[in-house]
Amino acid sequence: MENSSKFGFVALIGRPNVGKSTLMNHLIGQKVSITSRRPQTTRNRVLGIDTQGEYQAVFVDTPGLHKEEKRAINRLMNRAAESALGDVELILLVVDATLWTDDDEMVFSKIENTKVPVVLVINKIDKLHDKATLLPLIERLSKRVSFKAIVPVSALRSTNLDDLKKLVFESLPEGPHCFSEDSITDRSSRFMAAELIREKLMRQMGDELPYSATVEIEEFKEEENLLRISAVILVERAGQKKMVIGAGGSRIKRIGTDARIDMEKLFDSKVFLNLFVKVKAGWADDERALKSLGYAD
Ligand code: GDP
Ligand code: MG
């Protein structure tokens with residue numbers, strides 16, 4: 001029997017914080033896109049690759065589309081999200097079962113006239129007591145877009161993700177795979193290392209830290225049985241530096257330990273991580289500086 005390969009890109013679209021990155025990670029079974037309860041955790045387009053036999057699906061995780069375009073970093077994130085809409089076989093439109101906002105409305109208006117098939121993914125159903133409360137939402141949205149399917153899921157608990165994955169694989173057209181069988185992302189190990197540190201930073205600092213804080217990798221060296229990584233956390237003000245370091249260095253130590261544990265899992269190697277904090281004022285308002293840090297695709 002002939003074994004013809006299937007390949008395609010699948011975009012994850014939705015406002016910040018609906019769970020797009022969590023969904024991608026749980027669909028492919030690896031953490032390639034960082035997540036936190038803070039909106040705008042994802043800043044760049046990230047690919048998550050899932051290969052199973054003849055099928056290869058490439059999920060495109062995007063920074064959520066949002067209305068606020070005042071700062072340069074927000075404009076760049078919106079552009080990255082919009083460019084993901086071209087050349088995909090399928091759009092997974094992700095919404096939160098428990099919260100509809102103006103930003104959802106804006107995302108909806110952007111995909112209303114697309115020719116690409118759209119699957120409505122209603123996420124966070126683990127937070128619902130009564131599934132029947134979804135019916136008015138489904139009815140309202142179905143009037144505006146003719147969905148290929150509507151799939152309620154819990155990305156966090158992997159509920160219904162098998163059904164969703166089946167649907168995704170079945171919509172892939174014939175074509176050669178673009179990535180090797182064992183690839184999970186298009187991003188470099190350096191980039192992934194920086195992102196894992198940023199995830200711990202966002203998770204442990206909560207609202208104390210402006211989302212403009214970023215991470216630069218200064219050294220990434222493979223030694224015998226060891227990865228040696230030096231990284232700098234860039235913040236905008238001296239007060240923020242103090243907060244990141246924490247009392248007696250306790251917080252930065254925690255951030256470093258948690259990031260290292262994730263890195264060892266991802267890179268399948270022992271990791272030695274050296275972590276610093278530096279103040280670099282005003283960079284989140286400067287598009288050129290952002291591009292030099294890799295925040296523009
Ligand atoms: P994104 O901005 O759309 O990429 O959202 P994230 O994937 O970063 O998730 C935002 C927050 O929602 C995080 O705190 C996640 O843990 C949480 N979250 C994501 N999926 C679920 C889910 O299925 N159930 C619940 N209860 N929380 C979820
Ligand atoms: Mg995200």
Side-chain angles (χ1 to χ4, degrees), residues 9-28 33-43 45-46 48 50 57 59-69 74 77-78 80-86 88-168 170-171:
F9 287 93
V10 178
L12 292 150
I13 301 291
R15 72 159 161 84
N17 225 25
V18 290
K20 298 177 295 299
S21 300
T22 307
L23 180 64
M24 179 163 96
N25 292 341
H26 286 246
L27 279 168
I28 71 171
S33 195
I34 65 166
T35 68
S36 88
R37 63 187 169 74
R38 291 188 59 166
Q40 299 167 18
T41 300
T42 308
R43 284 188 185 153
R45 183 190 54 72
V46 180
D50 191 1
F59 295 96
V60 187
D61 187 19
T62 57
L65 285 163
H66 50 97
K67 283 166 67 180
E68 181 71 47
E69 283 223 319
N74 288 353
M77 288 197 296
N78 268 358
E82 279 171 26
S83 69
L85 281 173
V88 298
E89 302 303 332
L90 189 68
I91 292 172
L92 302 185
L93 175 65
V94 186
V95 301
D96 181 332
T98 61
L99 181 67
W100 183 266
T101 73
D102 283 355
D103 281 342
D104 287 294
E105 203 51 57
M106 202 226 14
V107 174
F108 224 81
S109 66
K110 290 220 189 263
I111 61 118
E112 233 163 357
N113 296 314
T114 179
K115 298 206 166 57
V116 181
V118 180
V119 174
L120 177 65
V121 179
I122 305 176
N123 190 28
K124 308 196 186 182
I125 55 163
D126 55 288
K127 285 167 92 178
L128 283 184
H129 300 297
D130 179 8
K131 302 259 158 65
T133 57
L134 287 179
L135 295 176
L137 176 76
I138 290 175
E139 195 182 26
R140 192 160 53 82
L141 300 184
S142 305
K143 280 192 188 131
R144 294 171 60 182
V145 173
S146 137
F147 297 111
K148 183 186 164 80
I150 297 170
V151 191
V153 304
S154 166
L156 205 57
R157 301 198 181 160
S158 292
T159 312
N160 274 352
L161 296 196
D162 286 345
D163 289 348
L164 182 58
K165 213 147 113 171
K166 200 163 156 233
L167 222 146
V168 167
E170 279 168 2
S171 47

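The side-chain heavy atoms of L27 and K165, taken from C-beta on, include a pair separated by under 4.5 Å. Using a 4.5 Å cut-off on side-chain heavy atoms (C-beta onward), L135 and E139 make no contact. Between K124 and L99 there is no side-chain heavy-atom pair separated by less than 4.5 Å. A 4.5 Å side-chain heavy-atom check between S158 and H26 finds at least one atom pair inside the cut-off. Looking at L92 and L164, their side chains come closer than 4.5 Å, going by heavy atoms from C-beta outward. The closest side-chain heavy-atom distance from V107 to K110 is not below 4.5 Å.
In terms of modelled atom types and a separation under 3.5 Å, the side chain of N123 and the main chain of A155 share a donor-acceptor contact. Remark: side-chain polar atoms of N25 are paired, donor with acceptor, to backbone N or O of S33 under 3.5 angstrom. Side-chain atoms of D104 come within 3.5 Å of backbone N or O of T101 as a donor-acceptor pair.
Closest heavy-atom contact between L167 and A149: CD1-CB, 3.7 Å. Taking both residues in full, the closest heavy atoms of L12 and F59 are given as CD1-CB, 4.2 Å, listed atom of the first, atom of the second, then distance. Of all the heavy atoms in V88 and V116, the pair that sits closest is O-CG1, 3.6 Å. Closest approach of K148 to P117, counting heavy atoms only: CD-CB, 4.0 Å. Among all heavy-atom pairs drawn from P152 and N160, the shortest one is O-ND2, 2.7 Å. When all heavy atoms of S142 and I138 are compared, the pair lying nearest together is OG-O, 2.6 Å.
Under the rule for a salt bridge (Lys or Arg N to Asp or Glu O under 4.0 Å), the partners of E112 that lie at least two apart in sequence or sit in another chain are R144. Not counting sequence neighbours, the partners of L128 by the side-chain contact (heavy atoms from CB on, under 4.5 Å) test are A97, T98, I125, T133, L134.
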Go through it in stages, so that I can follow the logic: the residues are V168 and D50, the test is side-chain contact (heavy atoms from CB on, under 4.5 Å), and I'd like the CA-CA distance, side-chain angles, deciding distance and then a yes or no. CA-CA 11 Å; V168 167; D50 191 1; over 6 Å; no
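Screening L23, V18, N17 for a side-chain contact (heavy atoms from CB on, under 4.5 Å) involving K20 leaves a single residue, V18.
Within the model, atoms CG of D61 and CE of M24 stand 4.5 Å from one another, a figure rounded to the nearest 0.5 Å. Atom CG of L120 sits about 7.0 Å away from atom CG of L137, to the nearest 0.5 Å. Expressed to the nearest 0.5 Å, how far CD1 of I122 lies from CD1 of I150 amounts to 6.5 Å. A distance of 10.5 Å separates CD1 of I91 from CZ of F147, quoted to the nearest 0.5 Å. Atoms CH2 and CZ, on W100 and R15 in that order, are 9.0 Å from each other to the nearest 0.5 Å.
For residues 116-145, no residue pair satisfies the ring-ring contact (aromatic ring centres under 6.0 Å, His included) rule, not counting sequence neighbours.
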